[in-house]
Structures are given as structure tokens and as C-alpha cells.
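Quantities reported herein were computed from a predicted structural model and do not represent experimental measurements. Just so we're on the same page: letters track the sequence lines, and every chain starts at 1.
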There are 2 protein chains.
Amino acid sequence: MKLGQATIKDIARELNVSSSTVSRALKDYPGISDETKRKVKELAEKLNYRPNAVALSLRKSKSFTIGVIIPEVVHFFFSTVISGIEEVAYANGYNVILCQTNEKLQRELSSIDTMLANQIDGLLVSYSKETEEFSHFSKLMAQNFPIVFFDRVPEIENTVNVTVNDYQGAYDATKHLISQGYTSIAHLAGPKNLTISKKRMDGYQAALRDHGLEINPDWILPCPMGTQEESMKITEQLFEEGGDFPNGFFASNDIAAAGAMMALKKLGYKVPKQVGVVGFSNWQFCSMIDPPLSTVAQPGFKMGEKATQLLLEMIDNKDRSYDATKTLVLETELLIRKSSVK
Amino acid sequence: MKLGQATIKDIARELNVSSSTVSRALKDYPGISDETKRKVKELAEKLNYRPNAVALSLRKSKSFTIGVIIPEVVHFFFSTVISGIEEVAYANGYNVILCQTNEKLQRELSSIDTMLANQIDGLLVSYSKETEEFSHFSKLMAQNFPIVFFDRVPEIENTVNVTVNDYQGAYDATKHLISQGYTSIAHLAGPKNLTISKKRMDGYQAALRDHGLEINPDWILPCPMGTQEESMKITEQLFEEGGDFPNGFFASNDIAAAGAMMALKKLGYKVPKQVGVVGFSNWQFCSMIDPPLSTVAQPGFKMGEKATQLLLEMIDNKDRSYDATKTLVLETELLIRKSSVK
DNA sequence: TTGTACGCGTTATCAA
DNA sequence: TTGATAACGCGTACAA
């Protein structure tokens, strides 16, 4: 720590008053003479005094710090969410301490441990792909510790969540492909244990059913990694197998969609003329690639803001209780670009 | 804070020993009977005891927390750096508290204030575009407070920095365009007060000079915002003006390069046949757009790692001193894709 | 082998 | 109007 950091005691000593007087003077408490106040504040200014937030945390059992658990920072959607979190936290005088799990459960567990040791006032969580069991969260909730889940929401009881309407987003995207005349639509699906993957899958299937199209299990293609390479390979394999080909792709994320488009190009298929493609998330590159990728935009920044607002409310509300699942669902927006318009 | 959080005192009371005994037992200090150790550890486990890091910070005047000041999280390069920072910090038992300035000086100043109040052990900084004066940093350095600057490095004395070789990267990119037969090369330049912008400009100009090409001031195009829209507009304007046109673009960032490419497409010019384009940073989308964008890759993750390693060394080294500027320069890599190959 | 006492920086309480 | 004291949770020098 810096040597030069002045404390209340330093001011008190120099002014020959007690530290309580200094403390009160600095906070404009009643019952301190204007003269003393003036002197104290002057010296504080001169010594560049800053209250020690660590001591305050200890004293008040409150750290004004919230923890954020996120799979990875280098991910357009998540970094957008972080940005929203940061804004609201900052505006309310809270610090944000960040841990990325890299999709590892072990990392999630130990991150939570250190954060708790640091007396965070609450936790914002989007859990890892490896997380299939949630007792490390429910234990905390049983102690009334404030947690808000965002995007990736666990299937346990009485949680507070913020998600987007993944079902509707997927439904809209698939319906759009159908309305454009694509009749046989494949789905590049996300990791199975994530609720968002299930919801997107459900929306996709519901749209097919509602429009009298049958669901072909061979065209449900799991892309657990969600990388470009993976979906390229999967798409190529699909076409190599022979038999019927899909003429539309709805991907549960943009990267997979881009990978499919690249594979299609390589295979000599024209997008959107022969095959239509829609992604999910609206990464920045969507409008830059050729053809520009239609996609379902998720309000990441807003999600970060809302989740943080909810968390801060829970923190302020000492008599909070987890008595029911409360989920705030943000609507998606289908952005139609060229990749899906015949 | 959670009510259920057990302290050393709780353990001591329950076991009828003093809290110092508990403290020592937990840390396997010599001179504690095995019996006592066992009992203490058992109960600690049972009560789910976690040392209170806040109390430790206060006691030791060390928080095991480092602060990170960054312009924005939603930026491929910076999020990559954060990821590197997080990894090294985590591996060494440090927490990362994050503030984004949104390119605002005011935000930078107040973020530093709160971080200092929270007793961070050191600071990693990439300053805002508005920052043109660095006394808020030099004051801290005068108190021997550990700071490492990364990417955006201030022009003040005796700093510790990690950058990439922006000059060489720009030189390589420009040289490559020349070697591909592009003879009149424009530069989409970054904000003037950033050293990285200057270095990239210098590299660009040096390459031109070294190959006997003249520098045309009309073709140095400032893109202070660095957005796609901005560079599209600038590129279109350039071609509307009439007169000679450049047949090559070296942009100081990928987004600007992508904007230029889109403008060129719109104007009916073929990339790379008629015009070559090279960007800077290697955003994810570079390989996805059409044609794929050649670019200068920056080792962002490595930069985060190295900067954090340096910072932790400074923190450990109590008798540190800022007696000279130390800059670690990481090399860039020119990635040649289709956008610049005739 | 264990306990006592103090201090890290701050503030709330009680007393003067 | 101000001061003395205790407490937040922990570690440690000193005493026993």
C-alpha cells in the first residue's frame, strides 16, 4: 500500500483532536463547531485524505462490491452485458469484481469462494457449460445471499433471473425462414445442458410444427463448442452424407451460423439464393460479412443493467427472501439481412 | 453480508479455546497439539469457515486486488487483454476489479479514486482518448504506487509499459501492400493523442519513404471515432472529391478497414483487384468477411498476461522505484488474407 | 502448548 | 461541542 495515504488518525494527531471528532467533522455531523469542521476539512484536503474502504467494509459488514461470474470475457454478448453491469454498478457506488470461468465448473466454484471471502454484497451469475448441478448456488440462497442469474438460468426453484425470450427469438427466426420459402430447415444447436439451448430448440421446433413442416431429427445438429470450425465441419459432413439437404439453417449462435455460411460457400451453394441462414446474438461482424447475416439481436447491455438493478434492490432489501422464481424476460429483435432473403 | 458466515471467534467459543489458537491451528503453525488442530479443522469445515479477506486486507495493508482501467469492455482487443489479466491474477490469488472509462477522463479520475479507496495493490491502465495530461498517474508513481500501462502508453517519464510494436506492424502492413503492387496508399488514422496512432502513422510513412513512394497528406484520413460508419463516410467523400484515388488502404484498426471495404464495394471498386486493404488488430470478424481482411494481429492475451506479471513483480518488490522507463514491446504478426493480395 | 493484548481504519455509543 | 472506548475479523509478539 502507499505510504503516503493519510488516515483519520493522522488528521486527529496533527490537529490535537480525537479521531471521532475528525470522523464527524468530515461527514458534517451535527454538533461540531464550524471552526473545527473547517480545519479538519482543510487538512484532509491538504493531505489528500481518502476514507479507507476496506476498513469501512469491515466496520459495516458491507463492501459495496458485487461479484460477476461469466464464462468468458472475449465474447461479444457477455462483454456487452458486463458493460451494462458496470454502468449501473458504477452509478450506484458499487465496485465490480470479475471472474471468468472459461466454462469450467472448478473455476466457477473457486471463484465464488474467493469472492465470498472478499465479502461481496451480491453475485451476478451466468454459469459454465460444465455446471449441471446447482447446490453451490442454492446453499448461498438458503442463507439469503443475493444472487441474480442472467442469460444462463438454472433449473432450480425460487431463483431471480434475467433472460431474453430465447424461445420467441428462435420461433421468429425460423418462421421468417419459412416465410421466405425455405422449406427444410436445419438447426445448429447449442450445448444441451443450457436452458437457452433448449428454449431455442423448442422455438425452432414449434415454428416448424405451426407451419406444417415436419421435424427431421437428422437436421438437428449439435454444436456444443459453438466455434466456426465446428459448425463448418458439421455442415460439410451433412452435405457429404448424401440424401436430402436442408435449404435453411437456424443457428443458436452467430459464430456457428457464420461457419455454416462458409461451409456452404465452399461447397458451392449460394446464400441466400439456395440456402437461407439466420444466427443468434447479433455479433458485430453480422453486418460486415457477405452476405450480411440475419440474426436475433439480444439486448445484452440492457440485460446487464436490469440484472444489476435487481441485485442492488435485493441487497438494499435486507428482509429479502427467495419465495418464488422471478424471471425478467427481455424481448429479442429479429434483424433481417441478406442471408435469409431470397 | 450473510448471517451464516462463521468467524474464528465462533470456532474458538464453541471449542473453549482462544481465537489465537484457532488461528494458528488453521494455518498449521508449530506448537499446536495435533488434537487441537484436528478439532479446529473439523469444526471449521463443518461451519464452512472462510477467512474474511476484508479483515486480512486491513490487517496486512494488502488487498490482493488489482485494479484495471480500460476504455471499454466491448472491444475485441481489450476484452482479450482482460482475459489475459484475469488468468495471471487468478493464478496468483489476486482479484481483478474492473472499471471502464467509456473514453471519458472524468470517469478515469473517479474510477481511480474508488479503486484507491479500496486499497488495490496496483493498477493496470489503458487510458481514455480524452486523457492528455497524466498528473493523476504521476502523483501515484511519486508515491511508489505500482502502475503498469498497456497498449496506450503515456508520454511521461519512468513508466512501466507493455505495448505491441505498432510501428513495425504498420510498417509491415504498408510494405506488404506496396509489394503487392499497390502504389498509392491511404491511411485511416487513429486519434491523434494516442501514442499507438502516432506509431502506426510513423510506420506507414516510413514504409512509403523506404520504397520511394511519396507521402500524400490528402490521403492521411483521421478516423478519431474508429467506427465503421465514420470510415465509410470518409472513404466515400474521398472518392467523391475527384482527382487521384488511392489504390490501397492501411487502417489503424479493423473496424475502419471494414468500413472502407464496404464503402469501396458500394462505390463499385473491387477488393483486392483494384484496391488493397489491411487493418490492425485481427478482430474475429476479419476471417469471416468477404474478402477476408488482411490485418496486423496484436497479442492481446499475452499483453494482459505480461502486464499483470510485471505488476505483480512490482507489488512483491517493496523497494521498487521508478528510475527509468521500462517498456516491454510485443511483436505483431501480419496476417495476409485475400483483401490485400492481387 | 496455549492465552492475552494490541493494532489495522473507521464509526457508534456513551460519557463528559 | 468533544473525547474515550469498543467493535468489525484477523494475526502476532509476548507472556504464561
* Asked: Is there a donor on the side chain of Ser20(B) or the base of dT4(C) sitting less than 3.5 Å from an acceptor on the other?
  -> yes

* Could you check how far CG of Leu47(A) sits from C1' of dG9(C), rounded to whole Å? => 15 Å

* Given dA12(C), dT13(C), dT2(C), which nucleotide is nearest the side-chain atoms of Arg24(A)? -> dT13(C)

* Structure fact -> Whole-Å distance, Asn16(B) CG to dT2(C) P, equals 13 Å

* Looking only at side-chain N and O atoms, does Tyr29(A) come under 4.0 Å of OP1 or OP2 in dT2(D)? -> no

* So what does Val17(B) hit on the nucleic acid, given a heavy-atom distance under 4.0 Å: a base, only sugar-phosphate, or nothing? -> sugar-phosphate

* **d(CG, Asp10(B); P, dG9(D)) in whole Å** => 8 Å

* **Geometric cation-pi criterion, Lys139(A) with Phe137(A): 6.0 Å, 45°** => no

* Would you confirm whether Glu103(B), through its side chain, and Lys129(B), through its main-chain N or O, come within 3.5 Å as a donor-acceptor pair? => yes

* Ile11(B) CD1 to dC10(D) P: how many Å, rounded? -> 8 Å

* To do: Specify the separation, in whole Å, of atom CG of Leu15(A) and atom C1' of dT1(D).
  => 15 Å

* **Length of the CZ-P vector between Arg13(A) and dG3(D), whole Å** => 15 Å

* Structure fact -> When Ser19(B) and Arg59(B) are each assigned the nearest nucleotide of DNA chain C, the 5'-most assignment goes to Ser19(B)

* To do: May I have the distance from Leu56(B) (atom CG) to dG11(D) (atom C1'), rounded to whole angstrom?
  => 8 Å

* Asked: Can you find a side chain N or O atom of Lys27(B) that sits less than 4.0 Å from OP1 or OP2 on dG11(D)?
  -> yes

* **Test: Arg38(B) and Glu35(B) ion pair at under 4.0 Å** => yes

* Structure fact -> Ranking Lys9(A) and Ser23(A) by the position along DNA chain C of their nearest nucleotide, the one closer to 5' is Lys9(A)

* Crowded around Glu157(B) CD? As in, over 12 foreign heavy atoms under 6.0 Å? -> no

* Toward the 5' end of DNA chain D, by each residue's nearest nucleotide, Asp34(A) or Pro51(B) -> Asp34(A)

* Given Phe145(B), which of Ile120(B), Ile315(B), Asp121(B) fulfils the side-chain contact (heavy atoms from CB on, under 4.5 Å) condition? -> Ile120(B)

* In whole angstrom, what separates Leu58(B)'s CG from dC8(D)'s P? -> 14 Å

* Asked: Should Thr21(B) be listed as having a side-chain N or O under 4.0 Å from OP1 or OP2 of dT2(C)?
  -> no

* Looking at dT1(C), dG9(C), dC10(D), which one has an atom nearest to any side-chain atom of Thr7(B)? -> dC10(D)

* Residue-phosphate contact under 4.0 Å: Thr36(A) side-chain N/O, dT2(D) OP1/OP2 -> yes

